[in-house]
Amino acid sequence: MPHVGWFSRTAPTAAEVEAKAAQIRAKADRAGVDVLGALAVGHSLVAGTNLYLVVHPERLDLVSTGQVGGLIGAEAGRESIPLTDVSRVGFRPGLLRCTVEITWSGGTFDFSADRAIGALLAETIQSRLEAGPVSDADATLLRHLADLHAAGVLTDEEYAAKKAGLL
């Protein structure tokens with residue numbers, strides 16, 4: 001595997017991004033974050049607190065495992081934003097990390113992430129915005145597919161194919 005580090009000029013491969021995304025999803029799951037049926041999951045460390053951006057077919061969840069100021073109040077652990085309320089998603093790359101900027105009816109927030117994962121998050125959100133809202137029936141079916149996948153009834157490939165067919 002080629003070195004993909006701070007000073008590497010080699011962009012990560014799709015397989016490397018997928019592996020990193022799987023690590024983040026597993027970390028979020030271990031932390032008790034609901035990632036069932038999520039299309040993408042991002043992680044950031046803010047003031048010593050784990051912060052996750054979870055992209056579902058119909059909403060975005062910003063989840064803190066502790067107290068964080070700003071969008072998430074000191075007592076709250078989760079902020080859910082319906083995708084129908086999101087008006088814009090932006091991507092600002094930096095040297096080592098990037099910022100995914102999400103504008104919604106309640107304001108704007110910035111989510112710092114690894115560059116490859118940030119690009120994945122921004123692309124996933126943008127594609128969901130372009131696809132339009134998910135019907136309640138499709139959302140229920142997606143959750144059912146996620147349950148079957150989590151139970152081991154569907155393989156990763158079967159789950160991905162069925163999910164792609166619905167979206």
(message) Within this structure, what is the OG1-CZ distance for the pair Thr99 and Arg115, rounded to the nearest 0.5 Å?
(response) 11.0 Å

(request) Please name the pair of heavy atoms, one in Cys98 and one in Phe91, separated by the smallest distance, quoted to 0.1 Å. (result) SG-CE1, 3.3 Å

(message) If I compare all heavy atoms of Ile102 with all of Val86, which pair ends up nearest, and what's the gap?
(response) CG2-CG1, 4.0 Å

(message) Using side-chain heavy atoms (C-beta onward) and a distance below 4.5 Å, is Thr65 in contact with Thr49?
(response) yes

(request) Would you mind listing every salt bridge (charged side-chain N to carboxylate O under 4.0 Å, His left out) that reaches into residues 85-105, with sequence neighbours excluded? (result) Arg88-Glu101, Arg92-Glu101, Arg92-Asp110

(request) Could you grab the distance from atom CZ of Arg30 to atom CG of Asn50, nearest 0.5 Å is fine? (result) 10.5 Å

(message) Run Val55 and Leu121 through side-chain contact (heavy atoms from CB on, under 4.5 Å) and show every step you take.
(response) CA-CA 7 Å; Val55 182; Leu121 289 168; 4.0 Å; yes

(message) To check you understand the geometry: which heavy-atom pair defines the closest contact between Gly118 and Val100, and what is its length?
(response) O-CG2, 3.5 Å

(message) Testing the basics here: between Ala31 and Tyr52, what is the closest heavy-atom pair and its distance to 0.1 Å?
(response) CB-OH, 4.0 Å

(request) Please confirm whether the backbone N or O of Val35 pairs with a side-chain atom of Arg25, one donor and one acceptor, at under 3.5 Å? (result) yes

(message) Salt bridge check, Asp29 against Lys27: does any charged N sit closer than 4.0 Å to a carboxylate O?
(response) no

(request) Identify the heavy atoms of Arg78 and Asp61 that sit nearest to each other, and give their distance. (result) NH1-OD2, 2.7 Å

(request) Determine whether Lys20 and Ile24 make a side-chain contact, defined as any pair of heavy atoms from C-beta on separated by less than 4.5 Å. (result) yes

(request) List the atom of Ile117, the atom of Val17, and the distance in Å for their closest heavy-atom pair. (result) CD1-O, 4.1 Å

(message) Between Glu16 and Thr13 (side chain of the first, backbone of the second, donor and acceptor by atom type, cut-off under 3.5 Å), is there such a pair?
(response) yes

(message) One pair to check against side-chain contact (heavy atoms from CB on, under 4.5 Å): Trp104 and Leu60. What are the steps and the verdict?
(response) CA-CA 11 Å; Trp104 61 296; Leu60 303 177; over 6 Å; no

(request) Answer yes or no: is there a donor N or O on one side and an acceptor on the other, between the side chain of Ser44 and the main chain of Ser112, under 3.5 Å? (result) yes

(message) Could you check whether any side-chain N or O of Arg128 sits under 3.5 Å from a backbone N or O of Pro57, counting only pairs where one atom can act as donor and the other as acceptor?
(response) yes

